[in-house]
Structure formats: C-alpha cells, structure tokens
Amino acid sequence: MEYDPASIEQEWRDRWDEEGWYEVDPDEDADDVTFVTVAYPYPNGAMHTGHVRTFAVPDVYARYRRLHGDQVLYPMAWHITGTPIIGAVERLKERESEQVRILTEVYEVDEADFSELETPMGFARYFIENSYKYSMQLLGLSIDWRREFTTNDPSYREFISWQYETLHERGLLKQDTHPVNFCTNEEQPVTTHDILEGEEEEFQSYTLVKFRFGETVIPMATLRPETVRGVTNAFINPDAEYVRASVDGETWIVSARAAEKLDLQERTVEVLEPIGAAELIGESVINPITKDELPILPASFVDPSNGTGIVMSVPAHSPDDWVTLESLRTDPSQLEVHGIDSAIVEELEPIPILDIEGYGEIPAAEIVDRYGITDPDDPALEEATQELYNHEFHGGVLLEMYGEFAGEIVEEIRDTYQSQYTAAGHFDSMYDFSTPVICRCGGRVEVAEQDTWFLRYNDPDWRSKTERALEGVDVQPTNARDQYEHTIGWLEEWPCIRNYGLGTPLPWDDDFIIEPLSDSTIYMAYYTLAPHLDDDVDRALFNEIFLADDPSDRAAAMRAEFEHWYPVDVRFSANDLITNHLTFYLYHHAELFDEPLWPQGITTMGMGFLRGKSMSSSAGRVVLAHKPVERYGADTVRFFLMTSAEPWQDFDWRDDPVADTYNQLARFWRRNLELIDGPSGERELTPIDEWLLGRLNRVVESATDSMEEFEIRAATQAAFFELEDDLRWYRRRTETDRPGARWTLREVLRKRLLLLNPIIPFMTNELHERLTGEPAEVAGWPGVDDEFMDPALDAAESLRGDLVDDIQSILDVTESDPSLIRIYTAAEWKRGVLEAVIEADEPTHGEVMGRLMSEERYRHRGDQVSDMVGAIIDLVHDRSRKTFEHLMDLDEMEIIEGSASFLEREFGADIEVYSEDSATEDPADRAKHALPGRPAIHLE
RNA sequence: GCGAGGGUGGCCGAGCUAGGCCAAAGGCGGCGGGCUUAAGACCCGCUGGGGGUAGCCCCGUCGUGGGUUCGAAUCCCACCCCUCGCACCA
C-alpha cells in the first residue's frame, strides 16, 4: 500500500482528539510527572515553518517522556499583550496598502474576512484558530487544549494583577521616570513600529555644560563632556530662534525647540521671551569649569533642533570646530556682518586637552589636513570627525589640567567625570536624537521623560535568589549558562508598563498596561489552574492558591493541582530570549514560589531560516506552517525539522530536502508494511540475527542517551539512519525470508518504531498497531536487551565486512573477474604477536619485540616476527583496538568458512579457505601476508 | 564597541569539554554500475588531488597566522569573518 500520510494522519488526529489522549488531570499513581512548556506564540500574524520547530521540539520531548510512562502535561496559550495586534488592526482599518498586502498575499487572508479582523480580539482569534491552532493540530502536537487561554482573558488579568500586587507589596517595583519615544503630535509614547522616519535612530543622553551668561545659564549639549577644558568659544546659529526660559527655577537660554524638548523631559519649563541670535553673538560666556571667558560666535552648522542649539567649540579636538574657526579667520566678513571684530578669532588658540598616539598637539588640525578639508560643508568632515572621536575615546590620555583624571583614558573616566560635575551643578543632561524622527502620523518624535514603574531586577536579594534558582536549572545547550549568569548580573531596573495596548492594567493605576515581557513570567502556573478558572476568579483567589497558609477548599484543590504539575521540568524557548524573557522567568519564579517549585530545565532553540535567509513576513519570506504539512504530511515536516539540526542550532527550510525527507519516509513505510504483512517468523536465531539485535540494542542505548540530552537529531540519526545501515548489511548477509530473520526484522522494527514515535508519531503508531495490535505511543520506550550484547558478534561481523572491502579493493585495482577466491587466515604464531601488541601499554616496535624475543618460538624467526610486529602495530592502529581485543576470542577460520556461501554470492566466485599454517594451495605465495584479523587473499 | 555563541569536505552537519585508531560518522546532492521493456523504487561502488594489474602509496586539508607536543580539527595566543543580544519590538 502506498504511503498516504493524509489519511493515516487524519485517523490518528481523530483518535487523539475523540479520546482526549493529551488531556491530563492529576494522577497520583503516575510514575513520574513531567511538565513541559514552550514560549506561547504571539498571534499577530500566521504561523509559519519557523514556528513549527519551536512547538514540535517540546512535543517530541513530551512524547518521549510519555513513552517512559510519565504523566505529561504540554499546554498552549496565546500571548496578545501589548501593541502589535492593536497596531495591525489600526493599519488594517485604514486599509494601509502594505498591511493589506501582507494579510492577503503572505498570510493568505481572504478579503471577505477582513471585517472579522477589525477588532484586536477578532484579529488575534482569527490567526489563533485559522493558523496557529489549526497547524498545531495538523502537526499532531500533544497539547492539552482544555488549558488554552489568552493573556487578555479577565481571569488571566486577575492572575497578573495578583502577581504585580505581590511584587509591589514586597518592594520589588519602583516608580521613576524613563525616557521614551514620544510623538509630539499625538502626544503619546510610540513604539518602533509607529515610526515612519528614523526607525533605527536611538536617542542619546547629551551632557549639558552650563555656561554662565551673567545670571543666566546657556547650556551647551555635548557627547564629549570631558572636552570642557578645551573650549575656546561657543557657536550659535545666527538664523535660529532662541528663547529665554525658566527651567527648574533657573533662567536658561536655549533654542525654541530645545525648550519644548526640555519640557517633555520632566522639567518645569516656562518660556519667558524670544531672544534673537544676534543678541548673543559677540557676547561672552563663562566656562563653568575653567571660569574662562569665551566669545559666542556665529556658525551656520549649528542645528537648532539638535541639543540646545548652542554648542561649545573645541578646535583642538573637533574637526568641525577647527575648520569653522579657520574659515572665520580666512573670511572675516562672516563676523563683520554681525558687527564683531575679527580680531577675536585671531586671538583664539586651540587648547589641547589630551594626547593620542599618532597625533601631535592639535589632532583636529592634523586630521583635517590629512583629509584635505578646508570647507565646513565638506562631507568628508563627518568621516574625519568619526575617526578622530574614535581614537580619542579609546586612546585619548587626558593632560595634567585634568587633575585627578590626568593620565586616564577618556573611555575609562567619561562617566565618572560627567557625574561628578553634574553633582556639582556644572553639568546637566538631556536626551535627544541625532537626526529627526518622524511618527507615522507625521508628528515629530522627541524623547520624553515619563513616569513609569520598574521591576527592580538589580535588587541584591532578588538577584541572589535568582542566581540560586539558575544553579538548579538544567540548561541546554550547556554552553548557554554563561549567558544567563551574565544577564542576571547585568539586568538593571526594567520598565514594566506601557501606556496602551492589550493586557493587564497596572492594579493601582489603570492608565498603564503591564508590558508583554513582564506579564509572561509565571504563566506556566496558570496552565495548571486553567481548567478550574471561571469568570468569578479574582486576585484574592490566586493569593490563596499560591501564598495563603490556610486556603479555602477550592483554593486548596487548585493548589494541589498546581503542585502536582509544578515545577516546570523543561521550558523551551528561543536563544534570543535568554537575555530577557527566560531570565525574567527565573527571577519571578525565584521570588514568588518556593524553591522546590523553581524551574528544573530550560532548553533554548535556534532560529529558522528560509533558503538561507532569515524568515520575514513583511518580505514575504515565509512558508505558512500548514502548507508543507498538507502537501507532505506532518511526519515529514517533523522528521525534516528534527533531523536537520539539533534544537539549539539554526535550521534552514528548503523545499528539496523536505521532498527528499518525504521519500525517505515513504520508503520506510513501504518496506516495513511489507514486513508486517508477511509471515511473522519464528524465534530461531542465527549469529547474524543476534548481531543485528545487538546493533539494535546499541542504537536503543545511544538514542536514549541523546534524548536525555535533548539531542533529538542525534537520536533520530541513530534510530533511523544508523539502523538503516545495519539493516542493509543484514540483508546482504542473510536470507531474509528465513523464519528467524522474519522474527528478527520484526523485532527490530518494533523497537525502532518506538524510538521514532516521538518524532513521527503518526506513521509509527500506525505501523506499530498493525504489527502488534497497539499503537506505539502506549507501548513504552524500549529497553536494552542484555541477551544480545555480545561484542564477539560485532568483531566477527567487522571481520567479514573488512574482508569484503579488501576483496573489493583488489577487484577495483586489478579490474579482474575471478572465478576462485582463496582466503588464508594467519598462522597461529601471529596471534601471539597480536596478543603482545594488544597487551603492550604503548605498543612500540621495540617494546613488543623485546617481549617476544624472550620466547624461543619467536626467536627462531626473528626477522619475520619483526616485520609482523610492525605490520600488526599498524593494523591495530588503523582499526579499532577494541575490535582486536574481541578478535582474540574468535576462530577466524570458522567465521570465514561459515561465510563462504555469502562471499560466493557477493563475488560470484568459488571460495576456498585455508590456514597459513597448512595451506595446501598457495600458487601466488599469498598466505604469508595474512595477519590476524586480516586474512590474505588470492584471486584467480 | 560590549556580552554570548560559532567558523569542518559540493551542501547540511558529527567530532572537538578526556590530543594519536580522523581523510574526518551520518544524511543530502552528484557520478558510475546492477536490476528493470522503461521510469521510479531498490541494491553495489565512487565522490579533495595524484599514482598503482593485489587489499596500497604520495601530496594537500577542518576560518587565517603563530605556539605547545613525538603527534592537533581537537590545547594555548593573536587576527579575520558570521550569528544572537545590548533593555521599552515581542
């Protein structure tokens, strides 16, 4: 019967579904309980093949544990917190072309269904039902769907409310301000997705150096506060608008735009009056650090929409400033129009503040010269600036004028320097972008300081608790542990709320929503309770379940279920979530639950690529999850994903290999169905049968070890391909219609189906049921049968295999077609030499010879023995030493004679076997070449 | 730039935490042969280069360069390149 995955898979899906195979309630009699979770998906689009492995890997593990008799819970839910879905709905409602294109062309949504998608929940529901859940069910994921929920469900929100109230009570949340991207038009914070221009732009914190202008402050923004001692003058844009404003009680002069920005950044700003640049040009300001009096000069390069619109000039170290001053010198008219005496510029001397290797006193002058720049508008100026700034930052050594900082590298002390003078009141700071950022609505985006709540991940107690929690986690792959440790040490305070979006409002301030990475830290616990939660649950109930000393009966029952499943045995997630979600997961578990309930294992997975490139919905570079399943079947998709890479490695989805995988499975199906439909045979075993059963045991062993380490690829490799190799040899070696062979093949198949069941559950269930009457998944994981672990059988088989290879090699070289093959086993004394080689710790020629020459029977043919020792050392070196150890126990003559009919079949020639000691026929004088384990051969 | 991981044959990938049995598992792809009316499937062989009428020999090779060692894909150092993360996208 041809392989027809569609019908087989449908049958099993129906059975699983109708009989509720994966719906599990606590069973106290279960041998062991395994709780497997995976990061719940975010259904703001369709599920594609990149997601498939994410959910299939935990399924493979869940199925593996079930075969071991565990009661396994693998649940699923939907993360819809935050803004992506809301944004998608907004863009759909506006029929934004890009959004319509992605929905129709990439996600294949019928336009007739658009109305369904025009609410956030409708949008989420659509993709949950039509894409994620549909595909997951097609794939045969062994999920207990009764526990499904979304993070926007009222009872989930109560759960999160409980979590945050608890953390709040424990002082692990704190209120503070935080800079955010803020649309000045919509007057609200915006996310990266909302940005039209400058999406890549990141705001920076500028230092404001508070120059004095009488009683007034003129703050100048800089990214290099340490250059303050090198300032010779200030630059102001003669055409820009400036204002005098009261800022936090002081009077400042800044550009009009800067005043608006400062207002957004949690400062009390009151604009007092506009002030023209002309009023300031030519005036003097006092450097707050050096107390030097410096002139304000005009410069058109000063951008009033960047920083404060007034900058300090450090000609020794800033190519821009150097070139501008030079141009003012060569063309004094630029100053004269503002009524300034050009002599001022003549008097300005660059002030070097640091030394860098490879530069002289005035690095800016040098680099400008090297680039040949004379014009302030020269585009090369930017490059020169970048180069010099880099050198100065990483290699600039501050000069003596810097007192305690003298001799230090800029990179090392900038922050300290900055904060010291900030504390002294000479510096301040503001956030700004370096280029304009525009919102989708067209409004300007600025940096606003906003009140927010933080999770205090840098709290020492919390941190150390989390470190302890990490110690108890089985991290896979093991080399990811460093990343966790590093993250725990590195996390600071995490802003955990947003202004809008789906999800749970902050319990004590419902203007805010708890953000997605913060409402997904302990939801695994929610799965355990989900079947019992209805609409009347409130946060008090969760408190009773998780914390109360004397819970109500209802809460106690729920706590019992929670504790039945908990802790999470393995959490599966993605590599890139180690630095946030997975570490947060550890933090919150460490805080909210008792140590026995802390996470036991985390396995992180690599990324998926499509034909070598990262998958991208917007670029249309995705394959929807259900497509290949519908075309090739779920087993093929699962098998492909599990054999193409280990879970933590990246995998590449390519169509051809998937089709090849289908062929592999189809072949497997056909061949094994034939075996099942044929006679069942008898347990009358010959050595070759026992050999194969021994190989099977080895595979069972190694596949089990691999599965324990989540090395699914390696396990599959062993169970499928390695056994396939052994079977190929077996078929070559023996008559497979023998009753003993039938029995053996069926036994191998039986265990093989079990080993492969977690990977390809449909086909293995079907074949196993046809073979034995029961599905593979109820039959249990196979064990090792000690009866068939005879290494001598392996040694004998490799002797035969090597012999076949050797004969083949000779045939290839000689291009002959012999009618007779003579085989000579080595003389008895040579076995003694082999023994001596094997027994030697370090088999060197000298050592072995020394040992042998003490015996008369070797001494009388010293030269021959010497040659033999060399040959045997090479031979042992060449092949596995273990093989030779077992070889000592074998009777080569018997093995080869027993293989004569096999060799005759293989080579279509008569076989004669002799011992070198008593060879009656040796026309080509070959017998003497025989070595133990490597008989001499003569073709005729 | 910082943190973490990685670079193996046409491709995917073992091996590298216990250095020698590693020209390097396995799969895929390719080539040749067998079987077949034929295609597919299946079976056998080859697949770094060169040579060989006897099972073999020579050269090169595991990002690059250097080092340790009798001996390195495996250990150490430097460099180059790639991926992920660097906090309000989830």
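Numbered from 1 within each chain, the chains take letters A, B, ... in sequence-line order.
- Figure legend: cation-pi geometry between A/Arg498 and A/Phe512 absent, as NZ or CZ is not positioned both under 6.0 Å from the six-membered ring centre and within 45° of its axis.
- For the C1' atoms, the distance linking B/G15 with B/C75 amounts to 16 Å, nearest Å.
- Taking the side chain of A/Ile937 as heavy atoms from C-beta on, and the options B/A90, B/G5, B/G55, the nearest nucleotide is B/G55.
- For the pair A/Arg713 CZ and B/A25 C1', the computed distance is 10 Å after rounding to whole Å.
- A donor and an acceptor atom, one from each side chain of A/Asn499 and A/Gln450, are located under 3.5 Å apart.
- The nearest whole Å value for the distance from the NZ atom in A/Lys613 to the P atom in B/U83 is 13 Å.
- Using C1' as the reference atom, B/U64 and B/G45 are 37 Å apart when rounded to the nearest Å.
- Comparing the C1' positions of B/C35 and B/G27 gives an interatomic distance of 25 Å, to the nearest angstrom.
- Nucleic acid contact class of A/Pro935 (heavy atoms, under 4.0 Å, all strands): base.
- For A/Leu517, the side-chain atoms get nearest to B/A90 when compared with the rest of B/G85, B/C56, B/A90.
- At whole-Å resolution of the value, CG in A/Leu577 and P in B/A90 are 13 Å apart.
- Closest contact between the side chain of A/His79 and the listed nucleotides B/C44, B/A90, B/C84 involves B/A90.
- Checking A/His938 against A/Arg822 by side-chain atom types alone, a donor-acceptor pair falls below 3.5 Å.
- In this structure, A/Phe651 has its ring center no closer than 6.0 Å to that of A/Phe640.
- With B/C43, B/G3, B/G26 as the candidates, the nucleotide lying closest to the side chain of A/Arg728 is B/C43.
- Look at A/Thr83 and you'll find a side-chain N or O under 4.0 angstrom from OP1 or OP2 of B/A90.
- As a whole-Å value, the separation of A/Asn575 CG from B/G85 P is 10 Å.
- A/Asn575 and A/Thr604 share a donor-acceptor pair across their side chains, judged by distance under 3.5 Å alone.
- Across the protein-nucleic acid pair, A/Leu582 atom CG and B/C84 atom C1' stand 14 Å apart, rounded to whole Å.
- Side chains of A/Arg731 and A/Thr736: a donor-acceptor N/O pair is absent below 3.5 angstrom, by distance only.
- Closest to the A/Arg732 side chain, of the nucleotides B/C44, B/A4, B/C84, is B/C44.
- Side-chain atoms of A/Trp494 and A/Glu515 form a donor-acceptor pair, as typed in the model, at a separation below 3.5 Å.
- Distance from the side chain of A/Leu939 is smallest for B/A54 among the nucleotides B/A87, B/A41, B/A54.
- Only the C1' atoms considered, B/U8 is 29 Å distant from B/C2, to the nearest whole Å.
- Of the C1' atoms belonging to B/C57 and B/G52, the separation is 8 Å, rounded to the nearest Å.
- You'll find that the side chain of A/Ile810 is closest to B/G55, out of B/G5, B/G55, B/A90.
- Residue A/Ile578 is classed as having no contact, given no heavy-atom separation below 4.0 Å to the nucleic acid.
- A/Gln664 has its CD atom 14 Å from the P atom of B/G26, to the nearest Å.
- Closest to the side chain of A/Pro84, out of B/C89, B/G26, B/C84, is B/C89.
- A donor-acceptor contact closer than 3.5 angstrom links the side chains of A/Thr81 and A/Thr151.
- Going from the C1' atom of B/A14 to that of B/A73 covers 12 Å, rounded to whole Å.
- Across all strands, A/Asp656 comes closer than 4.0 Å to no nucleic acid atom at all (heavy-atom distances).
- At a threshold of 4.0 angstrom between heavy atoms, the contacts of A/Pro516 are confined to the sugar-phosphate backbone, with no base atom among them.
- A cation-pi arrangement is present between A/Arg571 and A/Tyr585, with the terminal nitrogen or guanidinium carbon under 6.0 Å from the aromatic centre and inside a 45° cone about the axis.
- Comparing A/Ala930 and A/Asp660 against RNA chain B, the residue whose closest nucleotide sits nearer the 5' end is A/Asp660.
- For A/Gln717 and B/G13, the shortest distance from a side-chain N or O to OP1 or OP2 is not below 4.0 Å.
- Spacing between atom CD of A/Glu724 and atom C1' of B/G27 amounts to 12 Å, rounded to whole angstrom units.
- Closest contact between the side chain of A/Tyr42 and the listed nucleotides B/G26, B/C43, B/A90 involves B/A90.
- Taking 3.5 Å as the limit, the base of B/A90 and the side chain of A/Asn44 contain no donor-acceptor pair of atoms between them.
- Counting only Watson-Crick and G-U wobble pairs whose two key distances fall under 3.5 Å, RNA chain B forms stems of three or more stacked pairs at B:1-7 with B:80-86, B:10-12 with B:26-28, B:29-34 with B:42-47, B:48-51 with B:56-59, B:63-67 with B:75-79.
- If you check every strand for non-hydrogen atoms under 4.0 Å, A/Glu906 touches nothing.
- A/Leu723 has its CG atom 15 Å from the C1' atom of B/G27, to the nearest Å.
- If you look at A/Phe668 and A/Phe720, their ring centroids are closer than 6.0 Å.
- Nearest nucleotide to the A/Asp806 side chain, out of B/G55, B/G27, B/A90: B/G55.
- Projected onto RNA chain B by closest heavy-atom contact, A/Pro657 and A/Ser614 fall at different nucleotides, the more 5' of which corresponds to A/Pro657.
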